[in-house]
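Chain A is the first sequence line, chain B the second, and so forth, proteins listed ahead of strands; every chain is numbered from 1.
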Protein chains: 2
Amino acid sequence: MARAVSETHGEILAAAARRFAVTGYRGTSLQDIAREVGCSKATVLYHFANKEALLAELMAPAIAVLRDLDDRLTGLTGAAAQQVAAVGFVDLAVRFRREIALLRGEFPELLAQPAFAHIQQISERLRDAFAGHSERPGARISALVLLAGIPEACAEFVDVPDDELRPALLTLVRRAVEPVESSLPQPPTTEDKES
Amino acid sequence: MARAVSETHGEILAAAARRFAVTGYRGTSLQDIAREVGCSKATVLYHFANKEALLAELMAPAIAVLRDLDDRLTGLTGAAAQQVAAVGFVDLAVRFRREIALLRGEFPELLAQPAFAHIQQISERLRDAFAGHSERPGARISALVLLAGIPEACAEFVDVPDDELRPALLTLVRRAVEPVESSLPQPPTTEDKES
DNA sequence: TCAGACTCTGACCGATCGGTCAGTTCATCG
DNA sequence: CGATGAACTGACCGATCGGTCAGAGTCTGA
(Lines give C-alpha, C1' and ligand atoms only; values in the text may rest on other atoms or scores of the structure.)
Protein backbone atom coordinates (compact mmCIF):
# COMPACT_ATOMS: atom_id res chain seq x y z
CA MET A 1 0.00 0.00 0.00
CA ALA A 2 3.05 2.21 0.26
CA ARG A 3 2.89 5.02 -2.29
CA ALA A 4 5.76 7.12 -3.59
CA VAL A 5 6.86 9.57 -0.93
CA SER A 6 6.18 12.71 -2.90
CA GLU A 7 2.69 11.49 -3.75
CA THR A 8 1.46 11.03 -0.18
CA HIS A 9 3.29 14.15 0.93
CA GLY A 10 1.40 16.20 -1.65
CA GLU A 11 -1.90 14.55 -0.85
CA ILE A 12 -1.54 15.42 2.82
CA LEU A 13 -0.68 18.98 1.92
CA ALA A 14 -3.72 19.31 -0.33
CA ALA A 15 -6.03 17.72 2.24
CA ALA A 16 -4.72 20.02 4.94
CA ALA A 17 -5.36 23.06 2.74
CA ARG A 18 -8.92 21.90 2.13
CA ARG A 19 -9.65 21.27 5.81
CA PHE A 20 -7.97 24.45 7.05
CA ALA A 21 -10.08 26.45 4.61
CA VAL A 22 -13.27 25.01 6.10
CA THR A 23 -12.58 24.68 9.82
CA GLY A 24 -9.44 26.81 10.28
CA TYR A 25 -6.04 25.78 11.57
CA ARG A 26 -6.90 25.26 15.21
CA GLY A 27 -10.25 23.79 14.33
CA THR A 28 -8.67 21.09 12.19
CA SER A 29 -7.08 18.09 13.91
CA LEU A 30 -4.40 15.86 12.46
CA GLN A 31 -7.00 13.12 12.61
CA ASP A 32 -9.27 15.16 10.32
CA ILE A 33 -6.49 15.54 7.77
CA ALA A 34 -5.59 11.86 7.95
CA ARG A 35 -9.22 10.87 7.44
CA GLU A 36 -9.45 13.07 4.35
CA VAL A 37 -6.29 11.54 2.87
CA GLY A 38 -7.28 8.03 3.84
CA CYS A 39 -4.25 7.29 5.98
CA SER A 40 -3.45 7.20 9.67
CA LYS A 41 -2.59 10.19 11.80
CA ALA A 42 0.82 8.65 12.35
CA THR A 43 1.44 8.82 8.60
CA VAL A 44 0.74 12.55 8.59
CA LEU A 45 3.33 12.93 11.34
CA TYR A 46 5.73 10.71 9.43
CA HIS A 47 5.74 13.18 6.53
CA PHE A 48 5.65 16.35 8.63
CA ALA A 49 7.51 16.95 11.86
CA ASN A 50 4.41 18.43 13.49
CA LYS A 51 1.23 20.34 12.75
CA GLU A 52 3.03 23.66 12.59
CA ALA A 53 5.46 22.37 9.94
CA LEU A 54 2.46 21.42 7.81
CA LEU A 55 1.14 24.96 7.97
CA ALA A 56 4.57 26.45 7.36
CA GLU A 57 5.04 24.48 4.16
CA LEU A 58 1.58 25.51 3.02
CA MET A 59 2.33 29.19 3.55
CA ALA A 60 5.95 29.18 2.37
CA PRO A 61 5.33 30.69 -1.10
CA ALA A 62 3.23 33.52 0.27
CA ILE A 63 5.79 34.27 2.96
CA ALA A 64 8.60 34.37 0.42
CA VAL A 65 6.76 37.01 -1.60
CA LEU A 66 6.02 39.00 1.57
CA ARG A 67 9.72 39.01 2.49
CA ASP A 68 10.58 40.14 -1.02
CA LEU A 69 8.16 43.04 -0.70
CA ASP A 70 9.72 43.93 2.63
CA ASP A 71 13.16 44.00 1.00
CA ARG A 72 11.98 46.29 -1.79
CA LEU A 73 10.58 48.63 0.86
CA THR A 74 13.83 49.21 2.72
CA GLY A 75 15.18 52.69 2.20
CA LEU A 76 11.99 54.06 0.67
CA THR A 77 10.02 56.76 2.47
CA GLY A 78 6.96 58.93 1.95
CA ALA A 79 4.99 58.66 -1.27
CA ALA A 80 7.43 56.24 -2.88
CA ALA A 81 7.05 53.77 -0.01
CA GLN A 82 3.28 54.24 -0.14
CA GLN A 83 3.22 53.40 -3.83
CA VAL A 84 5.38 50.29 -3.61
CA ALA A 85 3.58 49.05 -0.49
CA ALA A 86 0.15 49.52 -2.03
CA VAL A 87 0.87 47.78 -5.31
CA GLY A 88 2.93 45.06 -3.68
CA PHE A 89 0.48 44.30 -0.91
CA VAL A 90 -2.59 44.24 -3.12
CA ASP A 91 -0.78 41.93 -5.52
CA LEU A 92 0.27 39.69 -2.65
CA ALA A 93 -3.22 39.54 -1.19
CA VAL A 94 -4.82 38.78 -4.53
CA ARG A 95 -2.32 36.11 -5.56
CA PHE A 96 -2.39 34.25 -2.30
CA ARG A 97 -6.00 34.76 -1.32
CA ARG A 98 -6.57 31.03 -1.10
CA GLU A 99 -3.78 30.73 1.44
CA ILE A 100 -5.14 33.74 3.28
CA ALA A 101 -8.56 32.13 3.36
CA LEU A 102 -7.04 29.13 5.14
CA LEU A 103 -6.23 31.22 8.14
CA ARG A 104 -9.37 33.33 8.31
CA GLY A 105 -9.04 35.27 11.47
CA GLU A 106 -6.36 33.15 13.05
CA PHE A 107 -3.48 35.42 12.15
CA PRO A 108 -2.91 36.90 15.60
CA GLU A 109 -2.30 33.62 17.40
CA LEU A 110 -0.65 32.02 14.40
CA LEU A 111 1.90 34.80 14.22
CA ALA A 112 2.90 33.90 17.75
CA GLN A 113 4.24 30.57 16.50
CA PRO A 114 8.02 30.35 16.11
CA ALA A 115 7.80 29.59 12.40
CA PHE A 116 6.25 33.00 11.76
CA ALA A 117 8.15 35.07 14.26
CA HIS A 118 9.48 37.62 11.76
CA ILE A 119 6.16 38.21 10.02
CA GLN A 120 5.01 40.51 12.81
CA GLN A 121 7.89 42.90 12.20
CA ILE A 122 7.41 42.84 8.45
CA SER A 123 3.75 43.71 8.79
CA GLU A 124 4.63 46.63 11.05
CA ARG A 125 7.06 48.02 8.50
CA LEU A 126 4.41 47.51 5.83
CA ARG A 127 1.93 49.49 7.89
CA ASP A 128 4.45 52.29 8.25
CA ALA A 129 4.92 52.37 4.49
CA PHE A 130 1.16 52.42 3.90
CA ALA A 131 0.94 55.46 6.13
CA GLY A 132 3.75 57.10 4.18
CA HIS A 133 5.81 56.97 7.38
CA SER A 134 3.56 59.72 8.70
CA GLU A 135 2.90 60.04 12.41
CA ARG A 136 -0.52 61.55 11.86
CA PRO A 137 -3.18 59.35 13.53
CA GLY A 138 -5.46 59.60 10.51
CA ALA A 139 -2.80 58.19 8.22
CA ARG A 140 -1.97 55.35 10.58
CA ILE A 141 -5.62 54.47 11.11
CA SER A 142 -6.33 54.38 7.39
CA ALA A 143 -3.27 52.21 6.85
CA LEU A 144 -4.42 49.67 9.39
CA VAL A 145 -7.98 49.54 8.08
CA LEU A 146 -6.67 48.77 4.62
CA LEU A 147 -4.02 46.29 5.76
CA ALA A 148 -6.54 44.33 7.79
CA GLY A 149 -9.47 44.70 5.41
CA ILE A 150 -7.78 43.81 2.12
CA PRO A 151 -6.76 40.27 3.04
CA GLU A 152 -10.20 39.66 4.48
CA ALA A 153 -11.85 40.85 1.27
CA CYS A 154 -9.50 38.73 -0.84
CA ALA A 155 -10.32 35.68 1.23
CA GLU A 156 -14.03 36.37 0.86
CA PHE A 157 -13.96 36.93 -2.90
CA VAL A 158 -11.97 33.80 -3.73
CA ASP A 159 -13.97 33.26 -6.89
CA VAL A 160 -13.58 36.75 -8.32
CA PRO A 161 -10.92 36.69 -11.07
CA ASP A 162 -7.58 38.36 -10.37
CA ASP A 163 -7.93 41.03 -13.04
CA GLU A 164 -11.16 42.19 -11.50
CA LEU A 165 -10.13 42.06 -7.85
CA ARG A 166 -6.75 43.73 -8.25
CA PRO A 167 -7.82 46.98 -9.98
CA ALA A 168 -10.80 47.34 -7.66
CA LEU A 169 -8.52 47.15 -4.63
CA LEU A 170 -5.93 49.48 -6.11
CA THR A 171 -8.61 52.05 -6.86
CA LEU A 172 -9.85 51.77 -3.30
CA VAL A 173 -6.36 52.18 -1.88
CA ARG A 174 -5.61 55.23 -4.01
CA ARG A 175 -8.84 56.85 -2.89
CA ALA A 176 -8.49 55.86 0.75
CA VAL A 177 -4.85 56.46 1.50
CA GLU A 178 -3.95 59.80 3.02
CA PRO A 179 -1.81 61.74 0.56
CA VAL A 180 1.51 62.17 2.29
CA GLU A 181 3.07 65.61 2.56
CA SER A 182 6.38 65.39 0.78
CA SER A 183 8.54 66.36 3.74
CA LEU A 184 11.53 65.44 1.69
CA PRO A 185 11.55 66.74 -1.87
CA GLN A 186 11.54 63.25 -3.24
CA PRO A 187 11.17 62.50 -6.93
CA PRO A 188 8.45 59.91 -7.49
CA THR A 189 10.66 56.94 -8.27
CA THR A 190 8.02 54.59 -9.59
CA GLU A 191 10.46 52.66 -11.72
CA ASP A 192 10.56 49.55 -9.55
CA LYS A 193 6.89 49.30 -8.76
CA GLU A 194 6.36 46.59 -11.34
CA SER A 195 9.49 44.51 -10.91
CA MET B 1 -16.01 32.97 52.05
CA ALA B 2 -19.22 33.31 50.11
CA ARG B 3 -19.47 36.77 48.54
CA ALA B 4 -22.57 38.52 47.31
CA VAL B 5 -23.71 36.95 44.08
CA SER B 6 -23.50 40.08 42.01
CA GLU B 7 -19.97 40.68 43.24
CA THR B 8 -18.47 37.36 42.16
CA HIS B 9 -20.53 37.42 38.98
CA GLY B 10 -19.04 40.74 38.03
CA GLU B 11 -15.53 39.71 38.99
CA ILE B 12 -15.73 36.67 36.75
CA LEU B 13 -17.01 38.82 33.91
CA ALA B 14 -14.18 41.30 34.32
CA ALA B 15 -11.55 38.57 34.58
CA ALA B 16 -12.90 36.87 31.47
CA ALA B 17 -12.73 40.14 29.55
CA ARG B 18 -9.14 40.61 30.60
CA ARG B 19 -8.09 37.08 29.66
CA PHE B 20 -10.01 37.02 26.37
CA ALA B 21 -8.28 40.25 25.38
CA VAL B 22 -4.88 38.66 25.86
CA THR B 23 -5.28 35.07 24.72
CA GLY B 24 -8.56 35.15 22.81
CA TYR B 25 -11.76 33.24 23.47
CA ARG B 26 -10.62 29.79 22.42
CA GLY B 27 -7.20 30.35 23.88
CA THR B 28 -8.63 31.07 27.32
CA SER B 29 -9.78 28.17 29.47
CA LEU B 30 -12.31 28.33 32.27
CA GLN B 31 -9.44 27.37 34.54
CA ASP B 32 -7.54 30.50 33.44
CA ILE B 33 -10.50 32.70 34.30
CA ALA B 34 -11.01 30.98 37.65
CA ARG B 35 -7.33 31.44 38.51
CA GLU B 36 -7.54 35.16 37.74
CA VAL B 37 -10.62 35.58 39.93
CA GLY B 38 -9.20 33.42 42.69
CA CYS B 39 -12.01 30.87 42.72
CA SER B 40 -12.55 27.39 41.37
CA LYS B 41 -13.56 26.53 37.83
CA ALA B 42 -16.76 25.08 39.24
CA THR B 43 -17.64 28.50 40.65
CA VAL B 44 -17.32 30.05 37.20
CA LEU B 45 -19.76 27.43 35.92
CA TYR B 46 -22.05 28.06 38.86
CA HIS B 47 -22.49 31.69 37.79
CA PHE B 48 -22.57 31.02 34.04
CA ALA B 49 -24.27 28.10 32.32
CA ASN B 50 -21.24 27.54 30.11
CA LYS B 51 -18.33 29.28 28.45
CA GLU B 52 -20.48 30.55 25.61
CA ALA B 53 -22.92 32.21 28.02
CA LEU B 54 -19.99 34.08 29.54
CA LEU B 55 -19.04 35.47 26.16
CA ALA B 56 -22.64 36.26 25.28
CA GLU B 57 -23.11 38.37 28.42
CA LEU B 58 -19.85 40.16 27.69
CA MET B 59 -20.96 41.05 24.18
CA ALA B 60 -24.62 41.76 24.92
CA PRO B 61 -24.43 45.58 24.91
CA ALA B 62 -22.54 45.67 21.61
CA ILE B 63 -24.97 43.25 20.02
CA ALA B 64 -27.94 45.31 21.17
CA VAL B 65 -26.53 48.38 19.43
CA LEU B 66 -25.79 46.35 16.31
CA ARG B 67 -29.40 45.15 16.17
CA ASP B 68 -30.60 48.70 16.60
CA LEU B 69 -28.46 49.79 13.66
CA ASP B 70 -29.88 46.93 11.62
CA ASP B 71 -33.40 48.09 12.44
CA ARG B 72 -32.65 51.64 11.40
CA LEU B 73 -31.33 50.29 8.10
CA THR B 74 -34.48 48.48 7.04
CA GLY B 75 -36.21 50.19 4.16
CA LEU B 76 -33.30 52.44 3.30
CA THR B 77 -31.50 52.06 -0.01
CA GLY B 78 -28.70 53.70 -1.99
CA ALA B 79 -26.95 56.75 -0.59
CA ALA B 80 -29.25 57.01 2.42
CA ALA B 81 -28.41 53.47 3.48
CA GLN B 82 -24.73 54.16 2.88
CA GLN B 83 -24.83 57.21 5.12
CA VAL B 84 -26.65 55.56 8.02
CA ALA B 85 -24.53 52.42 7.78
CA ALA B 86 -21.26 54.35 7.73
CA VAL B 87 -22.05 56.61 10.68
CA GLY B 88 -23.70 53.83 12.65
CA PHE B 89 -21.00 51.26 12.08
CA VAL B 90 -18.10 53.58 12.81
CA ASP B 91 -19.82 54.68 15.98
CA LEU B 92 -20.42 51.07 16.98
CA ALA B 93 -16.85 50.04 16.29
CA VAL B 94 -15.41 52.97 18.22
CA ARG B 95 -17.69 52.59 21.23
CA PHE B 96 -17.19 48.87 21.63
CA ARG B 97 -13.60 48.55 20.54
CA ARG B 98 -12.63 46.94 23.82
CA GLU B 99 -15.20 44.22 23.26
CA ILE B 100 -14.04 43.86 19.66
CA ALA B 101 -10.47 43.52 20.85
CA LEU B 102 -11.54 40.54 22.97
CA LEU B 103 -12.34 38.54 19.91
CA ARG B 104 -9.44 39.57 17.73
CA GLY B 105 -9.79 37.43 14.68
CA GLU B 106 -12.09 34.87 16.14
CA PHE B 107 -15.26 36.27 14.64
CA PRO B 108 -15.75 33.63 11.94
CA GLU B 109 -15.89 30.64 14.25
CA LEU B 110 -17.57 32.57 17.03
CA LEU B 111 -20.39 33.57 14.73
CA ALA B 112 -21.05 29.88 14.19
CA GLN B 113 -22.12 29.57 17.83
CA PRO B 114 -25.86 29.44 18.44
CA ALA B 115 -25.84 32.54 20.62
CA PHE B 116 -24.69 34.67 17.68
CA ALA B 117 -26.63 32.98 14.89
CA HIS B 118 -28.38 36.14 13.71
CA ILE B 119 -25.27 38.31 13.62
CA GLN B 120 -24.17 36.77 10.36
CA GLN B 121 -27.31 37.96 8.61
CA ILE B 122 -27.09 41.41 10.13
CA SER B 123 -23.52 41.82 8.95
CA GLU B 124 -24.54 40.81 5.44
CA ARG B 125 -27.26 43.44 5.36
CA LEU B 126 -24.77 45.94 6.72
CA ARG B 127 -22.37 45.09 3.92
CA ASP B 128 -25.12 45.61 1.37
CA ALA B 129 -25.85 49.01 2.84
CA PHE B 130 -22.17 49.97 2.78
CA ALA B 131 -22.10 49.13 -0.90
CA GLY B 132 -25.18 51.30 -1.45
CA HIS B 133 -27.00 48.11 -2.46
CA SER B 134 -24.96 48.21 -5.65
CA GLU B 135 -24.10 44.99 -7.46
CA ARG B 136 -20.88 46.43 -8.86
CA PRO B 137 -17.93 44.31 -7.67
CA GLY B 138 -15.89 47.39 -6.87
CA ALA B 139 -18.52 48.67 -4.51
CA ARG B 140 -18.92 45.32 -2.78
CA ILE B 141 -15.18 44.85 -2.43
CA SER B 142 -14.70 48.30 -0.90
CA ALA B 143 -17.55 47.63 1.49
CA LEU B 144 -15.99 44.43 2.74
CA VAL B 145 -12.53 45.94 3.13
CA LEU B 146 -13.99 48.68 5.31
CA LEU B 147 -16.28 46.39 7.31
CA ALA B 148 -13.43 44.04 8.11
CA GLY B 149 -10.74 46.65 8.54
CA ILE B 150 -12.54 49.15 10.75
CA PRO B 151 -13.12 46.82 13.71
CA GLU B 152 -9.56 45.62 13.45
CA ALA B 153 -8.27 49.19 13.52
CA CYS B 154 -10.52 50.05 16.47
CA ALA B 155 -9.23 47.03 18.38
CA GLU B 156 -5.66 48.04 17.66
CA PHE B 157 -6.05 51.69 18.65
CA VAL B 158 -7.75 51.03 21.97
CA ASP B 159 -5.90 53.91 23.59
CA VAL B 160 -6.76 56.55 20.99
CA PRO B 161 -9.58 58.75 22.33
CA ASP B 162 -13.01 58.43 20.72
CA ASP B 163 -13.12 61.94 19.34
CA GLU B 164 -9.92 61.32 17.44
CA LEU B 165 -10.70 57.84 16.17
CA ARG B 166 -14.26 58.52 15.03
CA PRO B 167 -13.65 61.47 12.68
CA ALA B 168 -10.57 59.78 11.21
CA LEU B 169 -12.60 56.71 10.35
CA LEU B 170 -15.52 58.71 8.97
CA THR B 171 -13.17 60.68 6.75
CA LEU B 172 -11.67 57.44 5.50
CA VAL B 173 -15.08 55.93 4.79
CA ARG B 174 -16.27 58.99 2.89
CA ARG B 175 -13.16 58.95 0.75
CA ALA B 176 -13.16 55.19 0.24
CA VAL B 177 -16.78 54.37 -0.37
CA GLU B 178 -17.91 54.20 -3.97
CA PRO B 179 -20.42 56.96 -4.61
CA VAL B 180 -23.65 55.23 -5.46
CA GLU B 181 -25.60 56.19 -8.55
CA SER B 182 -28.94 57.42 -7.30
CA SER B 183 -31.08 54.92 -9.20
CA LEU B 184 -34.03 56.11 -7.19
CA PRO B 185 -34.39 59.88 -6.83
CA GLN B 186 -34.20 59.62 -3.07
CA PRO B 187 -34.02 62.66 -0.87
CA PRO B 188 -31.12 62.34 1.61
CA THR B 189 -33.08 61.66 4.77
CA THR B 190 -30.34 62.17 7.30
CA GLU B 191 -32.70 63.09 10.07
CA ASP B 192 -32.35 59.85 12.02
CA LYS B 193 -28.65 59.32 11.67
CA GLU B 194 -27.93 60.64 15.12
CA SER B 195 -30.79 59.16 17.11
C1' DT C 1 -33.70 26.35 66.56
C1' DC C 2 -33.89 24.50 62.33
C1' DA C 3 -35.18 23.99 57.42
C1' DG C 4 -34.06 25.51 53.20
C1' DA C 5 -31.78 28.39 49.87
C1' DC C 6 -27.56 30.24 48.21
C1' DT C 7 -22.58 30.07 47.32
C1' DC C 8 -18.77 27.56 46.54
C1' DT C 9 -15.56 23.56 46.03
C1' DG C 10 -12.66 19.19 45.02
C1' DA C 11 -12.97 15.28 42.66
C1' DC C 12 -14.16 13.41 38.75
C1' DC C 13 -15.88 12.50 33.81
C1' DG C 14 -15.54 11.59 28.75
C1' DA C 15 -13.66 13.56 24.79
C1' DT C 16 -10.08 15.32 22.12
C1' DC C 17 -5.74 17.03 21.25
C1' DG C 18 -0.66 16.71 19.34
C1' DG C 19 2.74 13.57 19.45
C1' DT C 20 5.61 8.93 20.28
C1' DC C 21 6.98 4.33 19.38
C1' DA C 22 7.60 -0.46 18.42
C1' DG C 23 6.68 -3.11 14.90
C1' DT C 24 4.82 -4.63 10.07
C1' DT C 25 4.86 -4.48 5.06
C1' DC C 26 7.25 -4.19 0.92
C1' DA C 27 10.29 -2.78 -2.93
C1' DT C 28 15.08 -2.67 -4.00
C1' DC C 29 19.63 -4.38 -4.36
C1' DG C 30 24.13 -6.79 -3.43
C1' DC D 1 18.39 -15.47 -1.06
C1' DG D 2 18.83 -12.26 2.84
C1' DA D 3 19.67 -7.53 4.32
C1' DT D 4 18.38 -2.79 4.26
C1' DG D 5 15.67 1.11 4.57
C1' DA D 6 11.60 3.74 3.38
C1' DA D 7 6.56 3.92 4.09
C1' DC D 8 3.12 3.14 7.05
C1' DT D 9 0.19 1.75 11.12
C1' DG D 10 -2.29 0.68 15.71
C1' DA D 11 -1.80 1.32 20.23
C1' DC D 12 -0.68 4.27 23.43
C1' DC D 13 0.80 8.60 26.13
C1' DG D 14 0.25 12.87 28.95
C1' DA D 15 -2.06 17.07 28.86
C1' DT D 16 -5.97 19.87 28.53
C1' DC D 17 -10.52 20.89 27.59
C1' DG D 18 -15.63 22.01 29.00
C1' DG D 19 -18.68 20.34 32.01
C1' DT D 20 -21.03 17.48 36.12
C1' DC D 21 -21.98 16.32 40.81
C1' DA D 22 -22.39 15.43 45.66
C1' DG D 23 -21.59 17.75 49.44
C1' DA D 24 -19.66 21.45 52.69
C1' DG D 25 -20.12 26.07 54.58
C1' DT D 26 -22.98 30.11 55.37
C1' DC D 27 -26.90 33.09 55.70
C1' DT D 28 -31.78 34.05 56.47
C1' DG D 29 -36.33 33.89 57.97
C1' DA D 30 -40.17 31.33 59.96
Side-chain angles (χ1 to χ4, degrees), chain A residues 1-59 102-103 106 109-116, chain B residues 1-59 102-103 106 109-116:
Chain A
M1 202 182 287
R3 288 163 283 196
V5 55
S6 62
E7 192 178 332
T8 305
H9 190 92
E11 278 179 27
I12 292 172
L13 222 44
R18 257 174 280 134
R19 295 303 312 164
F20 287 166
V22 176
T23 48
Y25 176 73
R26 293 192 67 166
T28 301
S29 68
L30 295 176
Q31 193 67 258
D32 291 334
I33 297 168
R35 196 180 302 121
E36 179 124 348
V37 175
C39 69
S40 71
K41 187 179 66 170
T43 298
V44 174
L45 286 164
Y46 170 76
H47 286 277
F48 298 88
N50 48 43
K51 195 184 178 186
E52 186 184 317
L54 190 47
L55 178 65
E57 188 163 326
L58 225 37
M59 302 301 289
L102 301 188
L103 306 180
E106 292 185 288
E109 38 188 326
L110 253 30
L111 291 184
Q113 292 192 120
F116 306 108
Chain B
M1 200 180 286
R3 288 163 283 197
V5 55
S6 62
E7 191 177 334
T8 304
H9 189 93
E11 279 180 26
I12 292 172
L13 220 45
R18 258 175 278 133
R19 296 303 311 162
F20 288 165
V22 176
T23 49
Y25 176 73
R26 293 192 69 164
T28 300
S29 68
L30 295 175
Q31 192 67 257
D32 291 334
I33 297 168
R35 197 180 302 121
E36 178 123 351
V37 175
C39 69
S40 71
K41 187 179 66 169
T43 298
V44 174
L45 286 163
Y46 169 76
H47 285 278
F48 298 88
N50 48 42
K51 195 183 178 186
E52 188 184 318
L54 190 48
L55 178 65
E57 188 162 327
L58 226 36
M59 302 302 290
L102 302 188
L103 307 180
E106 292 186 285
E109 38 189 325
L110 253 30
L111 292 185
Q113 293 192 118
F116 306 109

- Message: In whole Å, I'd like the distance from the CD atom of A:Glu11 to the C1' atom of D:dC8.
- Response: 14 Å
- Query: Hey, does B:Ser29 reach any base, or is it just sugar-phosphate, or nothing, if we go heavy atoms under 4.0 Å?
  - Reply: sugar-phosphate
- Message: Taking the nucleotide of DNA chain C with the nearest heavy atom to each, does A:Gly27 or A:Ala49 sit closer to the 5' end?
- Response: A:Gly27
- Quick one: does A:Thr43's side chain have a donor or acceptor within less than 3.5 Å of a partner on A:Cys39's backbone? no
- Note on the structure: Heavy-atom nearest nucleotide on DNA chain D taken for B:Asp32 and for A:Ser40; more 5' hit belongs to A:Ser40
- Return the value, rounded to whole Å, for the distance between atom CD1 of B:Ile33 and atom P of D:dG18. 8 Å
- Atom NZ of A:Lys41 and atom C1' of C:dG18 are separated, to the nearest Å, by 6 Å
- How long is the line joining CG of B:Leu54 and P of D:dC17, in whole Å? 15 Å
- Item | Taking every non-hydrogen atom, the tightest pair across A:Val37 and A:Ile12 | CG2-CA, 3.7 Å
- Task: Assess the side chains of B:Glu11 and B:His47: does a donor N or O sit below 3.5 Å from an acceptor N or O?
- Result: no
- Task: Tell me which nucleotide among D:dT20, D:dT9, C:dC8 gets nearest to the side chain of B:Thr43.
- Result: C:dC8
- Task: Considering just the side-chain nitrogens and oxygens of B:His47, establish if one lies under 4.0 Å of OP1 or OP2 belonging to C:dC8.
- Result: yes
- For B:Tyr25 and D:dC17, what is the distance between atoms OH and P respectively, to the nearest whole Å? 13 Å
- Kindly point out which of C:dC8, D:dG19, D:dA7 is positioned nearest to the side chain of B:Lys51? D:dG19
- Query: Does a side-chain N or O from A:Thr8 land closer than 4.0 Å to OP1 or OP2 of D:dC8, or not?
  - Reply: yes
- Query: Over how many whole Å does the gap from B:Leu45 atom CG to C:dC13 atom P extend?
  - Reply: 18 Å
- Distance in angstrom units between B:Arg35 CZ and C:dT9 P, rounded: 14 Å
- Message: Need one value for B:Leu30: base, sugar-phosphate or nothing, where a base atom within 4.0 Å counts as base even if backbone is also close, heavy atoms only.
- Response: sugar-phosphate
- Message: I want to verify a distance call: between C:dT20, C:dC6, D:dA7, whose nearest atom is closest to the B:Tyr46 side chain?
- Response: C:dC6
- Message: If you compare all heavy atoms of B:Glu36 against all heavy atoms of B:Ala15, which two are closest, and at what distance to 0.1 Å?
- Response: CG-CB, 3.7 Å
- Taking the nucleotide of DNA chain C with the closest heavy atom to each, which residue, A:Ala42 or A:Gln31, is nearer the 5' end? A:Gln31
- Item | NZ or CZ of A:Lys51 within 45° of A:Tyr25 ring axis and under 6.0 Å | yes
